[in-house]
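Everything below concerns the one structure shown next.
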Amino acid sequence: MNAIHATQTKFGNDAAQYGRVTIVVSTDRKKDDVWATVEDNGVGLNEANWDAFTTTDTDNKIAIGGKGVGRLLWLDCFKNIAVDSVFQENGNFSRRKFKFVLSIENQIQEEVVELAPGASSTSFFVRFDGLRPNGYYEKFPGRGNFVFQHLTSHFLPIFIGGRCPMVSVHVGDEAKHYPEAINEIVRRRSSEISKQTDDFGELRITLLECDKVASADLKGSHFVHFIAHDRTVHSQAIDGKLGLKLFGDNNDHVFHAIVTGDFLDKNVNQERTAFNFEDAIIDRIINEVCFEYIEKFLEGPLASLKGEQRAKIVSIAATYPSVAFGDTEELQKKVPSGELKEDAIYGHLSRERYRRDEKQAEKIRGVLSRLKDTGADTNTFAAAIADAGKALEETEQRSLAEYVVRRKVVLDFIEILLQKVRDKSSDSSYQREDILHSFICPVRVNTISSGKKIEAASSHDLWIIDERLTFAQYFSSDTEFSALAQEFDSDERPDVLIFDHVHGLRQTDAPSRVLLVEFKRPGRTSYNDDENPQLQVERYVRQLQSGKLSDVKGRPIKLDEVTIFYCFIVADIVGKLDDWTYSWQRTVDGRGRIYRPNNGFRGSIELIGWDALLEDAKARNQAFFDKAGISGRSFFGND
């Protein structure tokens, strides 16, 4: 690289025509007698360059990315280094010869500076002998073809540029001349693409289709090379992202991209071996800047992968509707062409959904701000509703429709299960009872006292009873759940466990309202004397008010005197249950019963029949069902 810079300094834009660099390498697998020479016809070690050479950490070449430490790495790698350079001062040619050694003092030894009357051009020649027994010894190529592969990969961006001098490389009996030798492996290349970005400034991209030998010395097939000051700093394999192995007519081509820009030049470390930013920036540049051009460049090879990717996108969209913001074709446009990993596809779709949600939220905030205007009237309100409707994109409308359909399915299913449970009272009916209960309020718990963690239900359909219960969460006391766990381990009928239990719910951790729900088995007519629902609920409320109970997560239940208890009992109002609640106040429709205590606790106990529960839930949701066009049908037919 120093030799290339020297020729570019001397010949400027004519470096490609007149510049010459010759490299000779001698190596073998034993690495006993490794040596190399580099010679160029650049400016040589004139006084300015000599001062820079003898100054540690010089800024002599900072304008072109030079860090001033390169020749120090020579000493780290080789035992013996000899330099012979011809330079020109005041119209006269002079020669400077010396040995460069690793020592605390006097690194320049046997220096000779003399006139060179026979010289006709400036030049620089350096010979390196003997590898030091360190990491360089282990990594140095032991075969000539590896030397060529390394040079081809490392200096690829220089060789494909327009200012590279002719670089002749001789290893044993083989020689290659660059940049012409690059044409032997580059089958197709794009013109340089300039992309202006908000975060990285202007980035320049060159795309190449190469013979597989271009990747022979690399761990992978397809790469994006990040270049700083004309040197490859980081090569990122994108095999997984492309989903390709080899391609081309003979299945022997690979893809390479070159990325350059001021952002990369300014953020490289001193040795030009790594960038001073997180690896995530590399991925962002590839995904957000490069990949649209890569996809177009590799449109043919990638076409065969689109079908497989499409199938995975369809599956993901069906499983996770939240990322299905459009049809499959639209979704696929947001995923890199060759990406076949399900989690990566989901990640791309999630990010796009997030961006869309943010845009939608901004639209709705604009609508709300207009509604808050003191001058808002009926007309502006109607217009705001229309605007808000437009802000809801098709995917949100589909999500809402999906939620409405789910409610309809739940109600249809419960209607069938109620009849099945009532028709059969044998133990074999337990499965249907279990399903019925799990649809409304799923419970599968262990007690804290048993040393097992309580796992309360993550979701429920308590909206069937009251919409206030839609987002309520379990807190029920561990004492009650202990009794439940014992029933789980017993041989008694499990429907007692499923239905005759009070469920405690709340909407905040420090509730001013507590919601209690108890289910009685559909069709049940016989009860023991101690199963009076009013007494059961009151007993449970007193336990909660005592402050001595812990909830299912082990936290103390703290309720104050202003807490209001909304209690619901769902049961067929027949037999003893009818007798016990005969004096309760009737609900407005006359089908249910309500008890409001004068003392003890604030709130109410409402008895709801199973049929009334189902009919009321249907009525509350009827407008949604009508709008969705699903009112007149059952999702389960007459089965």
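Side-chain atoms are counted along with the backbone in the values below, which use heavy atoms only and exclude waters and symmetry mates.
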Nearest 0.5 Å, what's the [atom1]-[atom2] distance between [X] and [Y]?
X: Arg29; Y: Thr27; atom1: CZ; atom2: OG1; answer: 11.0 Å
X: Asp33; Y: Ser26; atom1: CG; atom2: OG; answer: 5.5 Å
X: Ile227; Y: Ser235; atom1: CD1; atom2: OG; answer: 6.5 Å
X: Ile313; Y: Leu331; atom1: CD1; atom2: CG; answer: 6.5 Å
X: Glu288; Y: Ile281; atom1: CD; atom2: CD1; answer: 8.5 Å
X: Asp40; Y: Thr122; atom1: CG; atom2: OG1; answer: 8.0 Å

Over 12 foreign heavy atoms within 6.0 Å of [atom1], [X]:
X: Glu89; atom1: CD; value: yes
X: Lys266; atom1: NZ; value: no
X: Asn145; atom1: CG; value: yes
X: Tyr18; atom1: OH; value: no
X: Asp249; atom1: CG; value: no

May I ask you to test the [X]-[Y] pair for a side-chain heavy-atom distance under 4.5 Å?
X: Leu131; Y: Cys77; result: yes
X: Asn80; Y: Trp35; result: no
X: Phe255; Y: Leu208; result: no
X: Phe146; Y: His150; result: no
X: Tyr137; Y: Val34; result: no
X: Pro179; Y: Val167; result: no
X: Leu151; Y: Lys176; result: no
X: Asp283; Y: Gln236; result: yes

List the atom of [X], the atom of [Y], and the distance in Å for their closest heavy-atom pair.
X: Ala228; Y: Asp265; value: CA-OD1, 3.2 Å
X: Ser168; Y: Met166; value: OG-CE, 3.8 Å
X: Glu295; Y: Val335; value: OE2-O, 3.7 Å
X: Ser121; Y: Val86; value: O-CG1, 3.5 Å
X: Ser350; Y: Val323; value: OG-CG1, 3.6 Å
X: Ile205; Y: Val289; value: CD1-CG1, 4.0 Å

Is it the case that the side chain of [X] and the backbone of [Y] share a donor-acceptor pair, with hydrogens and angles ignored and the cut-off at 3.5 Å?
X: Thr7; Y: Pro165; value: no
X: Ser190; Y: Thr206; value: no
X: Asp239; Y: Gly220; value: no
X: Asp211; Y: Val213; value: no

Of His222, Lys212, Glu209, the residue whose pairing with His253 passes side chain to side chain donor-acceptor pair (under 3.5 Å): Glu209
Salt-bridge criterion met for [X] and [Y] (N-O under 4.0 Å):
X: Glu299; Y: Lys296; result: no
X: Arg132; Y: Asp76; result: no
X: Glu47; Y: Arg96; result: yes
X: Lys312; Y: Glu342; result: yes

Can you check salt bridge (Lys or Arg N to Asp or Glu O under 4.0 Å) on Lys333 and Glu330, steps first, answer last? CA-CA 5 Å; Lys333 290 179 180 178; Glu330 184 179 1; over 6 Å; no
Salt bridge (Lys or Arg N to Asp or Glu O under 4.0 Å) involving Lys195 - partner list, sequence neighbours excluded: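 Here the qualifying residues are Glu292.
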Carefully, step by step, assess Val224 and Ile294 under the rule side-chain contact (heavy atoms from CB on, under 4.5 Å). CA-CA 10 Å; Val224 176; Ile294 295 174; 4.2 Å; yes
Begin with the C-alpha distance, continue with both residues' side-chain angles, and end with the deciding distance and a verdict on side-chain contact (heavy atoms from CB on, under 4.5 Å) for Glu202 and Ser194. CA-CA 7 Å; Glu202 182 188 21; Ser194 178; 2.5 Å; yes
Steps toward side-chain contact (heavy atoms from CB on, under 4.5 Å) verdict (Arg189, Ile182): CA-CA 11 Å; Arg189 77 174 67 182; Ile182 290 296; 4.2 Å; yes
Parallel, tilted or perpendicular: which describes the rings of Phe78 and Phe140, with under 30° parallel and over 60° perpendicular?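 If you compare the ring of Phe78 with that of Phe140, the planes turn out perpendicular.
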Measure the acute angle between the ring planes of Phe53 and Phe98, then classify it against the limits of 30° and 60° as parallel, tilted or perpendicular.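 Perpendicular, since the angle between the ring planes exceeds 60°.
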Residues in ring pair (Phe, Tyr, Trp, His ring centres under 6.0 Å) contact with Phe277, at least two apart in sequence or another chain: Phe263, Phe275
Check against side-chain contact (heavy atoms from CB on, under 4.5 Å), Ile158 and Met1: CA-CA 9 Å; Ile158 297 298; Met1 198 67 218; 3.8 Å; yes
